[in-house]
Amino acid sequence: MSLLSEEREIILSNEYVDAFDFEEVEEFVKSASKELFISHHFKNKSKNKGKMLVQPRGGFPTYKQQFALYEFFVDANVDVLPLTIDSNTRLNDYGTAQKMLRLSEENDMDMLNGYPLVNHGYRTTRKMITHFNKPVSLRHGTPDARLLIETAIASGIFEIEGGPITYLLPYSKNFPLDKAFLYWKYVERVCANYSKLNQPINRESFGPLTATLVPPSITIVIQLLEMMLSLEEGVKSFSVSFSQQGSMLQDIVTGAVIKKMAKHYAEQIGCSDASIHLVYHQWMGAFPTNKDYAEQLINMSTVIASMVGADKIITKTREEATGIPTKEANAKTVADTQYTLRILNGLPNVVDEQEEEILTQEVSAIMEAVFNDPADTLWRKIFNSIKNGIIDVPFSPHIINRNEMITIRDANKNIRIIDRGNVPIPEHCFAFEKSHCDLNKDTTSIVNDIIHDIGIMQ
Amino acid sequence: MSLLSEEREIILSNEYVDAFDFEEVEEFVKSASKELFISHHFKNKSKNKGKMLVQPRGGFPTYKQQFALYEFFVDANVDVLPLTIDSNTRLNDYGTAQKMLRLSEENDMDMLNGYPLVNHGYRTTRKMITHFNKPVSLRHGTPDARLLIETAIASGIFEIEGGPITYLLPYSKNFPLDKAFLYWKYVERVCANYSKLNQPINRESFGPLTATLVPPSITIVIQLLEMMLSLEEGVKSFSVSFSQQGSMLQDIVTGAVIKKMAKHYAEQIGCSDASIHLVYHQWMGAFPTNKDYAEQLINMSTVIASMVGADKIITKTREEATGIPTKEANAKTVADTQYTLRILNGLPNVVDEQEEEILTQEVSAIMEAVFNDPADTLWRKIFNSIKNGIIDVPFSPHIINRNEMITIRDANKNIRIIDRGNVPIPEHCFAFEKSHCDLNKDTTSIVNDIIHDIGIMQ
Amino acid sequence: MKVVTGVVGNDIHVVANRLMELSLHARGYEVFNLGVNTHLEEFFDAVVETGAEILLISSLNGEAEGWSREVRMLKAKYKDLDNLVMMIGGNLTVGAGKADEIEKKYKKYGFDLVCHQVDLNTGLDSLEAFLAQRN
Amino acid sequence: MKVVTGVVGNDIHVVANRLMELSLHARGYEVFNLGVNTHLEEFFDAVVETGAEILLISSLNGEAEGWSREVRMLKAKYKDLDNLVMMIGGNLTVGAGKADEIEKKYKKYGFDLVCHQVDLNTGLDSLEAFLAQRN
Ligand code: B12
Ligand code: B12
């Protein structure tokens, strides 16, 4: 791993960081229990036609709280444990994280919305991870996750969520996108290198993006591109993902197209040896504040995930609209979801050829446009494509994002594009999208429709 | 209505009965609010592509309790109110019902599992029904429901559930089946006659039967036959129904076949002017005692009902396994179900041609066999067919039922016939059914499978 | 050992009754199953007729309470039933109830073993423990 | 009337912020939207620069508590902000909390109007009521 060593040194020269003993870390990964690797579970699952893996969300400031959360999850028969990172750490603001962690520990009050992994350090955290001996998935939202990922893998966390696009455009206002690509290149390499020692480290892209009226074509393109960036660096196990969109059929179509195209593009770059998985997020948009309703929504998400044929489902809780969910609420969702998966049987195989064809053409056209960018490397092509609006993510807070594409829901709640902006949606696909919508409304009522469409689950 | 008057007199000469003023009752029906007629709502629904109607279950001994229940339901945005009758009344044991009603009123403790409508009488009950001005559906399970239905209609209840087969084979041990047919003939005529005065009275068959491993072919045959018996007598609005079976696909196929065949047989007997609706019951079999799980099951039932395209859904509660549900639990289900229907969008249109074809052939063959019975009237043909096992309902407690058919679940939890008994399932259909099951097991493990298959939702 | 079983009153829930018969057979009892919709007298008549040592009543639809109040009175009319082991199980109340209170009440009504919402086989295990202890 | 708005701290939840801008416009305010990820100083700087009479802060991700403790201290450093109407809304605590306790706390921090998990338009209605009453 000498290649990375110079960059590594810079990253680690940070007052809040554990002194890393890389030899020891390598040794640890080499001899780590296979159970800790989600890639191992995915392998078993596809061998035995196993059930969908269930992964909740959850991160608390203190070690004690996180440990207690895991105990609850294990009782509820969890498949994959989450480690959600607080938002200061996500913005590399370890100083504030440290301060808030101390306040949380002293005051019996949560001053952080997740687990500040860097401040806790890998030596401490590893104790917890190996104690439970379940695969852990790192959820963060960090553009510069280099230090975080080093700490995570050293802790025994062998699935890393995120990517330069999906963790930047929804999660940041002005972090430089080009830097993000380079930082993530580092992350991919670290994952690829460690993958050689035992089971592969799984990388997972964050398909939900802003969870707000993102059309499936944009989601899929970004999933495919992050997959390619990752496989290029040697990653051998990758999960594409998306979240519930509001229409069961659109979800099923999205699942079919993303699976097909992920395989296609992995082959195109000579990486058909990598295994690709599909992850489905329960509804990620604005939740109902009525907790009973939230549970209905969550259950419905599970049913749709099954229809989509996901390999893993990431859950929400009845408390989503209220604030960071309690461990009880989190564990309840896991138990409920497992029950639902157990009793849900006789799923039909649904295919909508027309919708699949349209979506495939949209994705191909955007991918084509990205590849046609004159830059020399894939990440630069993507960078340029985002900058010039070939890729445009609705409701991204990031300054580089064009924010020109406008989407609304049709009568069946499919997300449809009514203004392409600069995204190269082919003419007849665009006509198809618009044909489902009422475009004779004035601007005010379209704005009202959009507000309504954001809140459809409330 | 003179035709019925003689029988009427006999029925009414009962010490527990209101003195009927039929003129007043006719006047009442004639001028009753259209809102009270579910047939009116069905008409609106099909005109405006309206949403599925939601009907809970529920009956309490005292007037006060029933009134409070309705208040809760209305708050929860109910579409159709239920009136569930206690089991003494169902067996025409008005004496015991009276005694238990008195005990319930005096002791602040429920000694009845439903509302003893005959003992309360129509004058009292009508006050409640007209007060709420919502359609009410009568749920009973009574083989001799003549008095009950007279009382119901006089009370303003314009949907009558049941039928000579569906309220006998699951609900009785030795009530004479031939009598049941005659008693129900009376009921059909009363409904048909009152239907001329205002909107049609809707009759609904009880498709769930024993809710225990009943194959769809048997369910559909019985639905079609009760529909025909009813339309023959002049009923103009009829609902066929079935309950969740355990496999989403089997439910969808059942829904498609029952809709198609109901239309077909209604036409066959020259009754295509009658409107036929489809009702779906949330899971009617053994429920999980874990109330959180029960809610998952209920939500899933709602999703499947939508896939099936039902016109009305009849709900269960989280307390199903525990005992008569509280009004709070009942109202919660209604609110949750309405929410789920509201947010569930983009349903795919699922068709499984092979399963539909097999099921259609099975149903046709059994119907054929019934029609081929040499008896002179349809009800006698049906009577003979049940007696000789051409129609055989698994887990019926009734002595006339053959109990020879054996069903188990396949890997997708479809209910499959592994022993036809005397039911004329065509050879190649039977081969198809068996081909999905592992038949090399010994008897003990098949019995264990059946026990397991009864409890699949637990 | 001989067992009379069935479902009391106007109750027609037959599924547990069918499984009960299977379970009792598998445990080696000689079973007289009166099925559903069986009234109290019929149970006692059958016990007398068959000479059964155990009476195993099910109730699912909430009627048990109403009938059970008459058990002592009725049983007193028969001779030689003093050693009869009386057991009841299923859903023993209308609506939700507390298992321990329900148990107390039914013991007062004359039952030796009360299994409110207890699984069949757990219940039969406790019957066997009871029989073993009695001897 | 001039309003400065934005989302405080490291918070990037932009959806409510976009809607807030639309709503304020529709109500006739002159809006200076600093967007998400805005730190306290930036808010006060913008108020001074624009001469806004109202500062409307959103917080969604649970950070508000941490930042708000510094509001009084910071505000004291600026001159002429005594008449500034200060309002905060969104999710004002990490985890669940009681709205009335939260309100009390934030008023102590220096806010005139506190809208924990209150709908945008309900919140803006109460702002207008507040302004009307003050004049
Ligand atoms: C299927 C079903 C029906 C079917 C029955 C078909 C048939 N002929 O068997 C139909 C739809 C026809 C029906 C009708 C009615 N039902 Co029903 N039914 C059920 C349901 C959903 C499942 C019952 C079942 O088969 N379970 C599977 C078997 C294997 O389990 P089990 O019966 O629970 O028995 C277990 C234990 O209790 C135990 N056990 C039983 N007996 C004994 C005895 C001993 C000694 C021991 C140790 C153990 C034991 O062993 C079994 C296995 O573990 C239950 C609710 C539930 N449990 O989910 C309601 C339920 C039993 N029904 C109920 C009622 C009220 C009725 C009706 C009056 C009206 C109505 N609400 O629909 C009518 C009854 C008419 C009458 N005269 O009795 C209530 C009873 C309420 C109460 N006790 O407070 C229940 C609980 C539903 C509810 N919450 O309202 N029902
Ligand atoms: C969509 C979403 C995201 C998207 C955001 C995309 C984007 N860039 O905007 C993504 C997935 C990227 C995301 C990320 C994160 N999120 Co987020 N997110 C949500 C979610 C589901 C919906 C938010 C939304 O858009 N709602 C729609 C808008 C219109 O409504 P709203 O934001 O609730 O605002 C309403 C009111 O609050 C009010 N309002 C808002 N501001 C103001 C101001 C005033 C003055 C007034 C009067 C009213 C008012 O008006 C709005 C309309 O009524 C909420 C949960 C929920 N509400 O269902 C969580 C939620 C806000 N997120 C949360 C968290 C913790 C995060 C993360 C830290 C990590 C995580 N757990 O995923 C990161 C944040 C990173 C960071 N640096 O901030 C938490 C906050 C917890 C808390 N406060 O205790 C929530 C509540 C979820 C939860 N229960 O954990 N999130």
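Proteins come first, then strands; the chains are lettered A, B, ... in the order of their sequence lines, and each starts at number 1.
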Supply the atom-to-atom distance A/N174 CG to D/I12 CD1, rounded to the nearest 0.5 angstrom.
12.0 Å

Go through the atoms of A/A286 and report whether side chain, backbone, both or neither lie under 4.5 Å from a heavy atom of chain D.
neither

In plain terms, say whether D/E70 and A/K99 are close enough for a salt bridge, that is, a side-chain N and a carboxylate O under 4.0 Å apart.
yes

Under 4.5 Å from any heavy atom of chain D, what part of A/T322 do you find: side chain, backbone, both or neither?
both

Between A/S172 and chain D, which part of the residue has a heavy atom less than 4.5 Å away: side chain, backbone, both or neither?
backbone

Among D/V7, D/V14, D/D11, D/T38, the one residue meeting side-chain contact (heavy atoms from CB on, under 4.5 Å) with A/K173:
D/T38

Measure distances from A/P170 to the heavy atoms of chain D and classify the residue's part below 4.5 Å as side chain, backbone, both or neither.
backbone

Counting C-beta onward and ignoring hydrogens, is there a side-chain heavy-atom pair between A/L103 and D/E65 closer than 4.5 Å?
no

Separation between CG of D/L19 and CD1 of A/I451, rounded to the nearest 0.5 Å
5.0 Å

Does either side chain, that of D/E63 or that of A/S87, offer a donor lying less than 3.5 Å from an acceptor on the other one?
yes

Interchain contact, A/S396 with chain D, by part (heavy-atom threshold 4.5 Å)
backbone

To the nearest 0.5 Å, what is the distance between CG (A/L112) and CG (D/N61)?
10.5 Å

So D/N10 and A/D93, do their side chains get closer than 4.5 Å, heavy atoms only?
yes

